[in-house]
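Notes to accompany the following structure.
All residue numbers in this chain count up from 1 along the given sequence.
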Amino acid sequence: MTLEAAGVTGTEETVYRLLVTMGRATAREVADRAGLEPEHTRHVLDALAAKNLVSQSDGLPRQYRPTPPDVALLPRLKRRADALDLARAEATALLESYRETMRRQDLGQLIEVITGAEALRQHLRQIQDGARDEMLWFCKAQYVAMPSGSNRAEFDALARGVRYRVLYEKAFFDDEGAVDNVVEGVRAGEMARAVPDLPLRLAVADRAIAICPLVPGGPDGSPEEPTSALVRDSNLLAALVALFERYWEDAVPLDVDDTGAVSGTDAAGVPDPLGATDRRLLALLVAGVADKAVATQMGLSRRTVQRRIQRLMELAGATTRMQLAWQAARRGWL
């Protein structure tokens, strides 16, 4: 019954297929070919006619002709597909509503406690195996459950097209083999940056689920088995993602050259990108001086002033002059 999805029963499909091969036929002829009772065949043909799958002549004996399949079936299948898509969307919305209700009523739906190094490793592998878009990582020195270089799930995910953004703290590169492992990751597609220190260990998959420690780990942390939290969609998860983005914004990109050497591991940042002219221009801009007056005071053309402002906005990652002023103050450019 391959046409069931179009709302056609098995017997109706048999009769319709016969008519397609016969071109036209009477109810008696169809009954004989299909091995059905004549009365039952007439009921089936009437049902097909009601579904616009066959048409009938006015003369006697009445002849039945099949409606072309592209006219008879494709529109019905499209309507069914649209209905299924709508039902699927409604079911997804209902599921999310159900989960939201459960999260409000049961804390266990929001946070799951993970105890032990092996359980932690298993959960870290699982969230990476299930990731579709992006993984976010805070990598601190001295591993707790997953030694540097042992996370092969990352390379499987990178091969699937999952983006990895990884932040390493400076002390991480003192661990044996750490630099070589970072080089391997970057060459596989990992986006890596470094910062002087990180506040905690963290892994976030698709901004939908996170794993972070509940107590400090490593040689300087708790001597007990590591205890971590698996955090699902909630304000806490949103805060963890925001924390990552805040550190990522100020981090120094790690570059790997052809020899495998890594620059940026000291998290010292890049040289000051601004010269004296740009700093004076920024000071005037923040003070609210108009472009024409800035150009006059600095002995530049108005076009040059605007071009320099555009370059500064690109350096700061700003889309408006107000954002540029805020970034300039935050970055110590003033």
Could you check whether atom [atom1] of [X] has more than 12 heavy atoms from other residues, nucleotides or ligands sitting under 6.0 Å from it?
X: Arg160; atom1: CZ; answer: yes
X: Glu37; atom1: CD; answer: no
X: Asp70; atom1: CG; answer: yes

Does a side-chain heavy-atom distance below 4.5 Å link [X] with [Y]?
X: Trp333; Y: Asp278; value: no
X: Phe138; Y: Cys212; value: no
X: Met135; Y: Glu154; value: no
X: Leu285; Y: Leu312; value: no
X: Thr9; Y: Val44; value: no
X: Val195; Y: Leu167; value: yes
X: Trp137; Y: Leu124; value: yes
X: Tyr168; Y: Leu254; value: yes

Check this for me: does any side-chain nitrogen of one of [X] and [Y] sit under 4.0 Å from a carboxylate oxygen of the other?
X: Arg165; Y: Glu249; result: no
X: Glu13; Y: Arg17; result: yes
X: Arg193; Y: Glu245; result: no
X: Asp250; Y: Arg246; result: yes
X: Arg42; Y: Asp46; result: no

For residues [X] and [Y], report the shortest heavy-atom separation together with the two atoms involved.
X: Leu158; Y: Val162; answer: CD2-O, 3.4 Å
X: Ala131; Y: Asp206; answer: CA-OD2, 3.4 Å
X: Pro253; Y: Ala251; answer: CD-O, 3.7 Å
X: Ala47; Y: Glu12; answer: CB-OE2, 3.3 Å
X: Ala153; Y: Asp129; answer: CB-OD1, 4.1 Å
X: Ala178; Y: Phe173; answer: CB-CA, 4.1 Å

Pairwise distance [atom1]([X]) to [atom2]([Y]) - rounded to 0.5 angstrom:
X: Lys78; Y: Asp82; atom1: NZ; atom2: CG; result: 4.0 Å
X: Ser228; Y: Arg201; atom1: OG; atom2: CZ; result: 9.5 Å
X: Arg321; Y: Leu324; atom1: CZ; atom2: CG; result: 8.5 Å
X: Leu315; Y: Arg311; atom1: CG; atom2: CZ; result: 4.5 Å
X: Leu240; Y: Ile209; atom1: CG; atom2: CD1; result: 12.0 Å
X: Ile114; Y: Leu230; atom1: CD1; atom2: CG; result: 4.5 Å

Quick one: do Arg65 and Leu19 satisfy side-chain contact (heavy atoms from CB on, under 4.5 Å)? Show the steps, please. CA-CA 7 Å; Arg65 298 172 62 98; Leu19 280 174; over 6 Å; no
Side-chain donor/acceptor of Tyr16 to backbone N/O of Thr67, under 3.5 Å | yes
Check your understanding: Does the Lys140 side chain pair with the main chain of Leu198, one donor and one acceptor, at a distance under 3.5 Å?
Key -> yes
Say whether [X] and [Y] are linked into one hydrophobic cluster, either directly or through other cluster members, by side-chain heavy-atom distances under 4.5 angstrom.
X: Leu45; Y: Leu18; answer: no
X: Leu136; Y: Leu200; answer: yes
X: Val241; Y: Leu243; answer: yes

From the list Leu237, Leu202, Val204, side-chain contact (heavy atoms from CB on, under 4.5 Å) with Val231 holds only for Leu237
What's the verdict on salt bridge (charged side-chain N to carboxylate O under 4.0 Å, His left out) for Glu118 and Arg125, showing C-alpha distance, side-chain angles and the deciding distance?
-> CA-CA 11 Å; Glu118 179 55 36; Arg125 285 193 295 266; 3.5 Å; yes
In terms of the angle between their ring planes, are Trp248 and Phe244 parallel, tilted or perpendicular, with boundaries placed at 30° and 60°? parallel
Exercise. Please step through side-chain contact (heavy atoms from CB on, under 4.5 Å) for the pair Val294 and Ile309, ending with a clear verdict.
Key: CA-CA 11 Å; Val294 171; Ile309 291 174; over 6 Å; no
- Task: Could you please spell out the steps behind the side-chain contact (heavy atoms from CB on, under 4.5 Å) verdict for Gln63 and Thr26?
- Result: CA-CA 5 Å; Gln63 297 273 327; Thr26 64; 3.2 Å; yes
side-chain contact (heavy atoms from CB on, under 4.5 Å) assessment of Val166 paired with Val186
CA-CA 10 Å; Val166 185; Val186 170; over 6 Å; no
Q) Is it the case that Tyr247 and Glu169 place a side-chain donor and acceptor less than 3.5 Å from each other? A)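 The criterion, which ignores hydrogens and geometry beyond distance, is not satisfied for Glu169 and Tyr247.
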